[in-house]
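Worksheet: the structure to be examined is printed underneath.
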Protein chains: 2
Amino acid sequence: MELKEALDTLKETGVRITPQRHAILEYLINSMSHPTADDIYKALEGKFPNMSVATVYNNLRVFREVGLVKELTYGDASSRFDFVTTHHYHVICEICGKIVDFHYPGLDEVEHLALHVTGFNISHHRMEIYGTCPECASKEAH
Amino acid sequence: MELKEALDTLKETGVRITPQRHAILEYLINSMSHPTADDIYKALEGKFPNMSVATVYNNLRVFREVGLVKELTYGDASSRFDFVTTHHYHVICEICGKIVDFHYPGLDEVEHLALHVTGFNISHHRMEIYGTCPECASKEAH
DNA sequence: TTCTTACTTTATAATCTTTATAAATAGTGT
DNA sequence: ACACTATTTATAAAGATTATAAAGTAAGAA
């Protein structure tokens, strides 16, 4: 279960597990949308009538620093937050061909815009990032 | 010259050309950075001592609506604005193979993060978006 | 050129998101 | 259960963007 793993990650990193953190994580994991800080705040109002907005922001920052959560900035006013799952891209070395996994969230926006602009029924996208890996870069430095 | 074309675009769209708009466009075209609204405001302070910040925001919105300018939202507080040039991606129909140009700005962030995470010296990236074009979609609907 | 009208600018205030602060509270290891 | 320290809360502050209304001005018509 994702929540348990997330809590383990917190424990390993020495981050205290408070009821608020538990609830925010749980909400993020179960929510298929990409909630804003305020969405989360409102959603947990019932369970935590006294919780401060600052708590939501603070903890989202903590989760982001630990790598559990991604912050997405679309064009609109407020950031959206996403529990990190396993979707990833590839970074490819142009010299030796090494491929490194690259986790990155939410190019959903690209697909949405593509639909909007082209009228295509978008099914997916692919992206590769090209460059030189550290090893090849240091060899080339000679 | 890009500025002249941009002004033509404004004229065609029925947007009045004011000295402020002229200056903001000129600044955006010449600036290789991705300035914030405040950057622009400060940069034009000398020429327009009485210009309001609202004017900058208003006109950036106008330019965006007309398609001359892209608004980029990185993680930080304020949006950055970019004069639209010709870089673009492709949207590909999986049935008939049609390729449609798809203009989209600033996946610079992806490259920055890839550098940060993998240590690769990033040179570029490619992205394609796949789906069904409207024509093929309507044929399939039978 | 001058006039006219509607769009723009300006100045200001308001709104909204996010962060900072300090006192009260509560996890966690001992 | 205790003590130490991180966390929460409440509040204020900061910063970006938008709304408003009055004054000004671009652009076409006369």
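Quick note on labels: first sequence line is chain A, next is B, and so on, each numbered from 1.
Rounded to a whole Å, the CD atom of Glu65(B) is 13 Å from the C1' atom of dT18(D). Between the CG atom of Leu44(A) and the C1' atom of dT8(D) there is a distance of 14 Å, rounded to whole Å. In this structure, the OH atom of Tyr57(A) is 15 Å from the P atom of dT9(D), given to the nearest Å. With rounding to whole Å, Met51(A) atom CE is found 10 Å from dT8(D) atom C1'. Look at CG on Leu60(A): it is 14 Å from P on dT7(D), rounded to the nearest Å. One can place CZ of Arg21(A) at 8 Å from C1' of dA6(D), the figure rounded to the nearest angstrom. The interatomic distance linking Gln20(B) (CD) with dA23(D) (C1') rounds to 13 Å, in whole Å.
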* Structure fact -> The contact string for nucleotides 25-30 of chain D, one letter per nucleotide 5' to 3', using protein heavy atoms under 4.0 Å with B, S and - for base, sugar-phosphate only and none, comes out as BBS---
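With Asp39(A) contributing its side chain and Thr36(A) its backbone, the two residues share a donor-acceptor pair below 3.5 Å. Judged by distance alone, the side chain of Arg21(A) and the main-chain N or O of Arg16(A) form a donor-acceptor pair under 3.5 Å.
Under the 4.5 Å side-chain heavy-atom criterion for grouping Ile, Leu, Val, Met, Phe, Trp and Tyr, Leu7(A) is connected to Val15(A) within one hydrophobic cluster. Criterion: ILVMFWY side-chain heavy atoms under 4.5 Å apart, direct or through other members. Under it, Leu115(A) and Met127(A) are part of a common hydrophobic cluster.
By the 4.5 Å heavy-atom criterion applied to side chains, Leu10(A) and Leu68(A) are counted as neighbours.
The pair Lys42(B)-Asp38(B) meets the salt-bridge criterion, with a side-chain N (NZ, NE, NH1 or NH2) lying under 4.0 Å from an Asp/Glu carboxylate O.
Atoms CZ and OG1, on Phe63(B) and Thr13(B) in that order, are 11.0 Å from each other to the nearest 0.5 Å.
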* Worked check of side-chain hydrogen bond (donor to acceptor under 3.5 Å, both in side chains) between Asn58(A) and Thr55(A) -> CA-CA 5 Å; Asn58(A) 286 339; Thr55(A) 298; 5.4 Å; no
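When the side-chain nitrogen and oxygen atoms of Asn59(A) are compared with OP1 and OP2 of dT8(D), one or more of them lie within a distance under 4.0 Å.
Of all heavy-atom pairs spanning Lys98(B) and Phe120(A), the tightest one is O-CZ, 4.3 Å.
The span of DNA chain C lying next to chain A, judged by atoms under 4.0 Å from heavy atoms, is bounded 5' to 3' by dT17(C) to dT28(C).
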